[in-house]
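Here is the structure we will look at, set down as structure tokens.
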Amino acid sequence: MNILKIIAVIIFLAPFSAEASCKQWAKVGETELTKLWFDIYRAELRTPAGTYRRGEPLCLRLNYLIDISKSDLLAATEDSWKHLGVSAQQRSNWLTELTAVYRDIQEGDTFELMIDESGHAIFHHNEQHTGVVMDQEFSQQFSAIWLAEEAQYPELGAELRGEVSP
């Protein structure tokens with residue numbers, strides 16, 4: 001019985017201890033997404049080493065400059081995955097997981113993705129833990145929305161990866 005309590009405490013605290021270390025990581029790059037005349041968000045990428053390498057831990061933080069509904073976030077995520085070639089079935093499965101993670105966004109809110117050393121995606125909205133997706137493929141495809149060279153906004157990805165200055 002005591003072993004089960006210890007395991008439960010470790011599972012509960014793991015995302016929060018990872019969150020604390022994420023803020024200590026070095027900044028790799030930053031950027032801002034603007035569409036037409038709307039500033040959408042400012043983004044910042046941090047990693048333990050201060051350099052980006054696909055498949056390694058990272059922390060992507062978005063500071064929103066406008067209000068966005070949860071349903072619009074889900075639709076934008078699906079569009080980005082379509083662009084990246086993610087299958088319809090996989091998009092559907094992962095969007096179901098994101099339904100539990102996403103929140104309605106108000107101007108000034110922050111949304112954070114941390115990928116830990118196990119490849120788990122840990123999410124925070126305004127510093128509050130909103131969920132974990134324990135699927136390495138999900139983590140890679142979700143972070144690819146911003147970081148892949150073939151993403152919808154490759155110039156933003158280059159700025160986040162620290163390859164060019166904003």
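Every value quoted in this text rests on a predicted model; they were computed, and no experiment measured them.
Grouping the Ile, Leu, Val, Met, Phe, Trp and Tyr side chains by contacts below 4.5 angstrom, directly or via other members, places I105 with L95. M114 and V28 are members of different hydrophobic clusters when ILVMFWY side chains are connected at heavy-atom separations under 4.5 Å. Taken together through direct or relayed side-chain contacts under 4.5 Å among Ile, Leu, Val, Met, Phe, Trp and Tyr, L36 and L65 form parts of separate hydrophobic clusters. Following chains of ILVMFWY side-chain contacts shorter than 4.5 Å, one cannot reach F138 starting from M134, and the two form parts of different hydrophobic clusters. Under the 4.5 Å side-chain heavy-atom criterion for grouping Ile, Leu, Val, Met, Phe, Trp and Tyr, L147 is not connected to I122 through any hydrophobic cluster.
At least one donor-acceptor pair closer than 3.5 Å links the side chain of K70 to the backbone N or O of T99. In terms of modelled atom types and a separation under 3.5 Å, the side chain of S139 and the main chain of G119 share a donor-acceptor contact. Using modelled atom types, no side-chain atom of N63 and backbone atom of T110 make a donor-acceptor pair closer than 3.5 Å. With hydrogens and angles ignored, the 3.5 Å screen pairs no side-chain donor or acceptor of R161 with any backbone N or O of G29. In this structure a side-chain-to-backbone donor-acceptor pair under 3.5 Å is present from T77 to L73. Checked by atom type and distance alone, the side chain of N126 never pairs as donor or acceptor with a backbone atom of Q128 at under 3.5 Å. Within the 3.5 Å criterion, the main-chain N or O of L62 finds no donor-acceptor partner in the side chain of E112. Within the 3.5 Å criterion, the main-chain N or O of T34 finds no donor-acceptor partner in the side chain of D39.
Relative orientation of the F111 and Y102 rings is perpendicular, given thresholds of 30° and 60° on the angle between their planes.
With values rounded to the nearest 0.5 angstrom, E155 atom CD is found 8.5 Å from L33 atom CG.
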(request) Mind running side chain to side chain donor-acceptor pair (under 3.5 Å) on N93 and E97 for me, showing each step along the way? (result) CA-CA 7 Å; N93 293 341; E97 299 224 31; over 6 Å; no

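Nearest heavy-atom pair across Q141 and V86 is OE1-CG2, 3.4 Å. Taking each heavy atom of H129 and V132 in turn, the nearest pair found is CE1-CG2, 3.4 Å. The two residues H125 and D109 have their closest heavy-atom pair at NE2-OD2, 3.0 Å. Nearest heavy atoms, R46 versus W25: NH1-O, 2.5 Å. Nearest heavy-atom pair across A43 and L60 is CB-CD1, 4.5 Å. Here the shortest heavy-atom pairing between P57 and E117 reads CG-CG, 3.5 Å.
Just one residue in the list E30, E44, E127 forms a salt bridge (Lys or Arg N to Asp or Glu O under 4.0 Å) with R61, and that residue is E127.
Residues L45 and W146 have side chains not in contact (no heavy-atom distance under 4.5 Å, counting atoms from C-beta outward).
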